[in-house]
2 protein chains.
Amino acid sequence: MDSTPPIPTKQRILAAAEELFAQHGFDGASLRQVTASAGVNLAAVNYHFGSKSQLIEEIFRHRLDDINGRRLLALHKIAGKPETVLEDVIAAYVRPAVELSGEGEGSVFMRVMARAYAEHDDTLRRFLSENYGHVMRQFVAEFGRLLPELGKEDLYWRIDLMTGALTHAMSGFGMIQRKSDIPERQHREKIVEQLLRFTASGLRHP
Amino acid sequence: MDSTPPIPTKQRILAAAEELFAQHGFDGASLRQVTASAGVNLAAVNYHFGSKSQLIEEIFRHRLDDINGRRLLALHKIAGKPETVLEDVIAAYVRPAVELSGEGEGSVFMRVMARAYAEHDDTLRRFLSENYGHVMRQFVAEFGRLLPELGKEDLYWRIDLMTGALTHAMSGFGMIQRKSDIPERQHREKIVEQLLRFTASGLRHP
DNA sequence: GTCTATAGGGCGATAGAC
DNA sequence: GTCTATCGCCCTATAGAC
């Protein structure tokens, strides 16, 4: 039985890279730091991933698959049902991102994401559109069902502004920061609550 | 008369740096590119600014002084008046940022700003708080006057979420992008209009 | 198939000549 | 005030060991 393969070099690189990238940024963390932290040789990154940017893309794919999978799961539980309210759909969109930000491994990914948004890279835009566009389309459809009086353009704008508020809240940069005497879990609930109230009113604007 | 000094090396560096940083990011643009574009020697940056990061800080100070100066001017015209409505205060906060993003020189600064937000650097946070905290406090006071039923914590949260929506809209990353047949100026008006409606409702949430 | 050692070229910073 | 030369660190690519 060829059980227990020695140690997965590739995954040790991934784990070390995600932590260091979130901490110091894509350019701030060097492959030398990453490979040293993972306890592997510098060139192992090129062997397993091809280049630094392909390593970054792999991290994105991993986390975004997770977030968007959870979003779709939550959406499918409520989509089309007569008792569903706007807040339910917002929660299905917002909660997976907030929750991931509170789980050990993924705790720092949303900061990576916020950083990447600001990079304004067309490659990333295409990547997101190609891989997760279908998720967005399903949310747009459900938002449209619950806000029938809203034109398509207004709807897109408001979902976009909601995403901005979410990303900003996740990036942890704003004035509001978790006070040291408040547990992490409670702070995340507060984020979801505040986002729900603010964006629900924003989306409903007549 | 010692008029017309040769050529201001320092300012040529500043102009070239702002353009290249906005285009390729702080790490993406090298001092070698900046100095080549400005037509000055590489070492001139270190002589005039001390380091790359101090050059970046100088650019921030310049643009933020501009934006916050305009914000205060707009706020002082309406603060405390009985006929002032919430939308006026939001506009005083939002419009200077949107307008600057449409002026030749500053056209790309808000992207630089969005990027910096995502960097999540405590140095930047302290810099903003020390230099522009008084502007924020005056806006908080006026928002508080018009939303008296809102607790202080809720008020801070919502202003923060508004800033997130603004920053995201400015970064130009979202789904909504200017269509090529719509003039830049008209697109900026649309941004202000959508932001006003969305955030006014969000702030007013009962 | 997996990994190591190493070389090439770009980067920011600085010392010291002018 | 400006420039050249140079140092140490970075990412990438690749030849070859295991």
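Just the heavy atoms: all of them, side chains too, but no hydrogens, waters or symmetry mates, feed the values below.
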#### Entry: Protein-nucleotide distance (B:Asn41, atom CG; C:dG12, atom C1'), rounded to Å
14 Å
### Gap between atoms NZ and C1', on B:Lys10 and D:dG1 respectively (whole Å)
13 Å
### Query
Just by distance, do the side chain of B:Gln33 and the backbone of B:Ser30 share a donor-acceptor pair under 3.5 Å?
yes
### Query
Which listed nucleotide (D:dT12, C:dA13, C:dC3) is nearest to the side chain of B:Lys52?
C:dA13
## Note on the structure
Taking for B:Val40 and for A:Asn46 the nucleotide of DNA chain D with the nearest heavy atom, the one nearer the 5' end belongs to B:Val40
### Task
Give a yes or no on whether the backbone of B:Phe198 and the side-chain of B:Ser201 come within a donor-acceptor separation of less than 3.5 Å.
no
### Query
Across the strands shown, which category fits B:Ala43 at heavy-atom distances under 4.0 angstrom: base, sugar-phosphate, nothing?
base
### Query
Pick the nucleotide of DNA chain C nearest each of A:Ala44 and B:Ala29; which residue has the one closer to the 5' end?
A:Ala44
### Task
Tell me, yes or no, whether the heavy-atom count around A:Gln11 atom CD, taken from other residues, nucleotides or ligands under 6.0 Å, exceeds 12.
no
### Task
Using a cut-off of strictly less than 4.0 Å, decide whether B:Ser30 has a side-chain nitrogen or oxygen near OP1 or OP2 of C:dG10.
no
#### Entry: Nucleotide D:dC11, atom P - distance to NE2 of A:His48 in whole Å
18 Å
#### Entry: OP1 or OP2 of D:dC11 under 4.0 Å from side-chain N/O of A:Ser51
no
### Task
Could you state the atom-to-atom distance from CG of B:Asp27 to P of C:dG12 in whole Å?
9 Å
### B:Phe49 CZ to C:dA13 P, straight-line distance once rounded to whole Å
13 Å
### Query
Which residues satisfy the ring pair (Phe, Tyr, Trp, His ring centres under 6.0 Å) test with A:Tyr156, sequence neighbours excluded?
none
### Task
Using a strict 4.0 Å threshold on nitrogen-to-oxygen distance, state whether A:Glu142 and A:Arg145 make a salt bridge.
yes
### Message
Rounding to an integer number of Å, can you tell me how far A:Leu20 CG sits from D:dC11 P?
### Response
11 Å
### Query
OP1 or OP2 of C:dT2 sitting under 4.0 Å from any side-chain N/O of A:Thr9?
no
### Task
Specify the separation, in whole Å, of atom CG of B:Leu42 and atom P of D:dG1.
18 Å
### Query
Which nucleotide, C:dT2, D:dG1, C:dA13, lies nearest any side-chain atom of B:Leu31?
C:dA13
### OP1 or OP2 of D:dG1 under 4.0 Å from side-chain N/O of B:Tyr47
yes
### Query
Which is true for B:Gly28 with a 4.0 Å heavy-atom rule: it touches a base, it touches only sugar-phosphate, or it touches nothing?
nothing
### Task
Rounded to the nearest angstrom, tell me the gap between atom CZ in A:Arg32 and atom P in D:dC9.
10 Å
